Amino acid sequence: MSATDTTVSTTTHADIHRYDPQAVEPKWRAAWKDAAIYRVDDGDPKPKWYSLTMYPYPSGVLHVGHWYAFAVPDVFARLQRMRGYNVLFPMGFDAFGLPAENAAIRNNIHPATWTFENIAQMEHQYDLMGAMIDWSRKVVTCDPEYYRWNQWIFLQMLERGLAYRAGGSVWWCPNDQTVLANEQVLEGNICERCGAEVHKRDLEQWYFKITDYAEELLRDLDGLDWPERVKTMQRNWIGRSEGARLSFRLETGDELEVFTTRPDTVFGATFMVLAPEHPLVATITTDEQRETVEAYVQQARDTSEIERQTTDAAKKKTGVFTGAYAINPVNDERIPVWIADYVLMTYGTGAIMAVPAHDTRDFAFARAFDLPIRVVIQPEDQETLDAATMAEPYVGPGRMVNSGQFDGTPVPDGLPQVIAWLDEQGRGTAEVTYRLRDWLISRQRYWGTPIPVVYCDDCAMVPVPEEQLPVELPLDAAFTPTGQSPLVSHESFLNTTCPRCGGAARRETDTMDTFVDSSWYWFRYTSPHFNAAPFDPAKAAPWSPVDLYCGGIEHAILHLLYARFFTKVLRDIGLTEEDEPFKRLRNQGMILAAEGTKMSKSRGTQVGPDELVARHGADALRLHLMFLGPWEQGGPWNDRGITGMERFIRRAFQIVSEVGERRLDGEAPDKDVAALRSLTHRTIRRVTEDIDDFQFNTMIAALIEFTNELMKLRDQPVAQTASWREAAETLTLLMAPSTPYVAEEMWSRLGNAFSVHQQTWPVFDAALATVETVEIPVQINGKVRDKIVVETGLAQDALLAAAKASERIQEQISGKTVIKEIAVPGRLVNIVVR
RNA sequence: GCGGGCGUGGCGGAAUGGCAGACGCUGCGGACUUAAACUCCGCUGGGGAAACCCGUGCGGGUUCGACUCCCGCCGCCCGCACCA
């Protein structure tokens, strides 16, 4: 044992400056908790900063993707705090939804049990990560204290006509046994949740009238600091089109309305096309055509949406003639009315005027069925278009021809004239249409917010009075999906009394889409237990809007559009004055499994952080994830390189840790001190700017370079001076947001008072951050031939002279003619010779 | 088809039009160690003994100078997808 003792004592001595995350992390985690250093105080007079990260689904355990998504916002929030902001950086759980229900069914456990167990586990994992979360503000959406306010907002919307029930053709997922919103259908007919093929069904459902806000949702995008691609996706999804609504009289006497963005081509309309589902189809079809038309309508209905919608250039247009004719209102021509599946009932009026000469689809249809084509727009400075020979439609600008009084009118400039005339004639009006559809919010599943209305035989649909909220989701329901809500078979939930007449009534059994929960949750963090409204406007106002919102790009449309819609509704209700919820948005890329595919729990390709933390420490994992590459890019996971982060942490720790033992009253040459201070201040600048620019990988590179330089200097005289302490302290502070644990330990080893996370972020001194000399490459004909060291800020002429003084350069120039000399101060010199 | 993004060593990646490959990993060599791990030092795009030459998907162009800007291709990824 005595031999062992010796070993232990020497090892201990040697290891004093060796960082051990396993010993240090739990210590500081406990200290932070005891001192409640992350507790956010509403009354703090400092300027506010609201940093929000998309709350996770409590799916079980955190994987490295969660860490990736969360580490960066955590670093940013910590920086803002050190900069002197009062930072709100909350977290919660998006706890309702299908996965809980499905997992519950699979494991024969109640969704609530499953969910709350997962939340406890995940909360612990966030703490392991060293996240700066104030858990006292936690929001859990399956808590009645939360979802009662979904119901309250629903009732407000119902009162304002923004929530309504309507029948219609809706998407149905046969696997999840529920309807879906348009936004939740991918690639034409794939369920966003489970990947099953979905199809249409005619059902009566609940909707939110998001279309009322289409224009505002589109317009307000302009003022947001969001990634351009997200704004583009939202613009496309809203799909605003300007044009006109035109009315065509049918020979049957019916009026057929169409929407067109090209009213200037109305003189070229040579036929009309209705969607197969158009209500007029049945009434206008002639007896001779009835059989053909009915067969086509049936076929269209049976053809899966994906087949119908795929725009394969080779896909042939199909359709049939109804036997009916319309009169073109501008030239009184008799034109045939067809039906075809390329016209969609869900857009515009479900009917079009076909102008084959100037529309790609109409052109293909006309060619396929040998329908007339008439040119009415002639491009300028080009050969006259000939309908008989043209190989493709002309869709560009030009002048109107074959258009009566409008001949010669330029388009698109002349469009307003045409619309004005149509309006005068009573044939049409200017109209704007949107692709955006109302949001279908009812679901036939169990684990969600009950929709707070009842149906009474006498009073019909009656809203549940506000004071009876919440309508609680019964925890003892049999929730296996059957195609209708499981609540239908829960007698005591279903049967109730009518709030209006007191008679027998049935509750609505559908639950709300979980995207309702996430459409306002960030307001709730500002007053998580407020019980008079969804949130306390007085508390929310000072924090609003969210300054920085971070999350996955997969929410570019769904959640972010709904959240914007809700904000505008809540504004109109009077709960907030904000028009927009999230001022600045940043999306992280996705961390994929090593083989480049999406990480999947079921395929076992999900990488968990716990083992990595145990082996390398939380700080090293945080750094590794940030160092992988640009945060907005994502990429396949690998753990190569995490050792590099560990090495960096150890080196930084060692340097700082030794400082505590030094007297730091030594002397060193002035230029060495100046060089060290310059390095320190340049590093402050780099790290600060990189975080502000969301360039976390290069931010870490700057920290590593700083540490490597210090490592080289630690035996030099300059390491015995006060500027060495400045360097060590600065390194510690700069590391604090990224590596909260080791930075705390370093701060403590420096002999400073707890906590490093309550210190002020260092500010660089521009004068100190300069360098005295700079190395300038000297090129001959664009190739580097020498490098000269000159004073920083040396002017152009002097720089050129210095370059030409170089022997190597003189050799290169001698005997040649100098054609051009370029000298860029601080950059380079290039001499062009021949 | 339309819209957006990307393409750089063995790998992840860096580079306001100005020294391509910062930083990290890997690999190789060395020091320390009884030994290993850890740590430390050096080298690490290709060719060449060297001077140098070649090199950022391909082909052109602008420029004293292009990974960066422009034009035309090729490949990959994402979004939308008959939106009248």
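Just the heavy atoms: all of them, side chains too, but no hydrogens, waters or symmetry mates, feed the values below. These numbers come from a predicted model, not from an experiment. Every chain is numbered from 1, with letters handed out A, B, ... down the list of sequences.
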Within this structure, what is the CD-to-P distance between A/Q633 and B/rU8, rounded to whole angstrom?
11 Å
Under 3.5 Å, is there a donor-acceptor pair linking the side chains of A/T211 and A/Y434?
no
Round to a whole Å and report the spacing from CG of A/N708 to P of B/rC25.
9 Å
Nearest-nucleotide 5' precedence on RNA chain B, A/I822 against A/K783
A/K783
Sugar-phosphate only, base, or nothing, as touched by A/K231 at under 4.0 Å among non-hydrogen atoms:
nothing
Between P on B/rC6 and CD1 on A/I553, what's the gap in Å once rounded to a whole number?
14 Å
Can you identify which nucleotide, out of B/rA84, B/rG4, B/rG18, has its nearest atom closest to the A/Q779 side chain?
B/rG18
Among A/K712, A/R686, A/R682, salt bridge (Lys or Arg N to Asp or Glu O under 4.0 Å) partner for A/E705:
A/R686
State which of B/rC53, B/rC23, B/rC82 makes the closest approach to the side chain of A/R785.
B/rC53
Classify the nucleic acid contact of A/P630 as base, sugar-phosphate or nothing, counting any heavy atom under 4.0 Å across all strands shown.
sugar-phosphate
For A/R834 and A/N781, which I'm curious about, is there any donor-acceptor pair between the side chains at under 3.5 Å?
no
Atom pair distance, as rounded to whole Å: CZ in A/R235 and P in B/rC80
16 Å
Non-neighbouring partners of A/P397 that pass side chain to side chain contact (heavy atoms under 4.5 Å, CB included), sequence neighbours left out
A/Y394, A/P412
Can you tell which of B/rG3, B/rA22, B/rG13 lies closest to the side chain of A/N697?
B/rG13
Reading RNA chain B 5' to 3', how would its secondary structure be written in dot-bracket notation, given Watson-Crick and G-U pairs with both distances under 3.5 Å, brackets [ ] for crossing pairs and | for partners on other strands?
(((((((..(((.....[....))).(((((.......))))).(((....)))..(((((..]....))))))))))))....
Can you find a side chain N or O atom of A/R651 that sits less than 4.0 Å from OP1 or OP2 on B/rC40?
yes
Aromatic centroids of A/W637 and A/Y68 separated by under 6.0 Å:
no
Check whether the ring centres of A/H624 and A/W67 lie less than 6.0 Å apart, and answer yes or no.
no
Aromatic ring pairing A/W439/A/Y562, orientation class (parallel under 30°, perpendicular over 60°, tilted between):
parallel
Given the C1' atoms of B/rG18 and B/rU68, what is the spacing between them in whole Å?
11 Å
Distance in angstrom units between A/Q812 CD and B/rA51 C1', rounded
11 Å
Could you measure between the two C1' atoms, the one in B/rG75 and the one in B/rC58, and give it in whole Å?
10 Å
Which value, in whole Å, describes the distance between the P atoms of nucleotides B/rA14 and B/rC23?
14 Å
Using the P atom on both, measure B/rA35 against B/rA22 and round to a whole Å.
34 Å
Heavy atoms only, 4.0 Å cut-off, all strands: where does A/L628 land among base, sugar-phosphate and nothing?
sugar-phosphate
Which one, B/rG18, B/rA14, B/rC78, comes nearest to the side chain of A/T698?
B/rA14
Rounded P spacing from B/rG65 to B/rG55 in Å:
15 Å
Measuring to OP1 and OP2 of B/rA81, would you say a side-chain N or O of A/R435 lies under 4.0 angstrom away?
yes
Along RNA chain B (nearest heavy atom to each residue), the more 5'-positioned of A/R808 and A/K820
A/R808
Based on the glycosidic angle (syn within 90° of 0, else anti), state the conformation of B/rG9.
syn
Could you check whether A/N236 gets within reach of a base, just the sugar-phosphate, or nothing at all, counting any heavy atom under 4.0 Å?
nothing
Ion pair A/D20/A/R650, N-O distance below 4.0 Å:
no
Any idea how A/F696 and A/F694 line up, ring-wise: parallel (<30°), tilted (30 to 60°), or perpendicular (>60°)?
perpendicular
Proximal nucleotide (of B/rG79, B/rG18, B/rC38) relative to the A/N830 side chain
B/rG18
Atom NE2 of A/H278 and atom C1' of B/rA84: how far apart are they, to the nearest Å?
13 Å
Which nucleotide sits closest to the side chain of A/I352: B/rA84, B/rG18, B/rC40?
B/rA84
Quick check for you: among B/rG18, B/rC23, B/rC38, whose closest atom lies nearest to any side-chain atom of A/V824?
B/rG18
Can you label the angle between the A/W338 ring and the A/F365 ring as parallel, tilted or perpendicular, going by 30° and 60°?
perpendicular
Between P on B/rU26 and CG on A/D639, what's the gap in Å once rounded to a whole number?
11 Å
ring-ring contact (aromatic ring centres under 6.0 Å, His included) partners of A/F363, counting only residues at least two apart
none
Any base atoms under 4.0 Å from A/R640, or only sugar-phosphate, or nothing? Heavy atoms, all strands.
sugar-phosphate
Work out how far the P atom of B/rG61 is from that of B/rG3, and round it to whole angstrom.
27 Å
Ignoring backbone atoms, test whether A/R18 places a side-chain nitrogen or oxygen under 4.0 Å from the OP1 or OP2 oxygen of B/rU39.
no
To the side chain of A/F627, which of B/rC25, B/rG24, B/rA14 is closest?
B/rG24
Could you tell me how far B/rG7 sits from B/rG27 if I compare only their C1' atoms? Round to whole Å.
26 Å
Counting side-chain heavy atoms from CB outward, which of B/rC82, B/rC19, B/rC80 is closest to A/V784?
B/rC19
Side chain of A/V343 only, heavy atoms from C-beta on: which candidate in B/rA84, B/rG12, B/rC78 is closest?
B/rA84
When you compare B/rC11 with B/rC2, how far apart are their C1' atoms, in angstrom units rounded to a whole number?
36 Å
Could you tell me how far apart A/F648 (CZ) and B/rC25 (P) are, to the nearest whole angstrom?
12 Å
Sugar-phosphate only, base, or nothing, as touched by A/R240 at under 4.0 Å among non-hydrogen atoms:
nothing
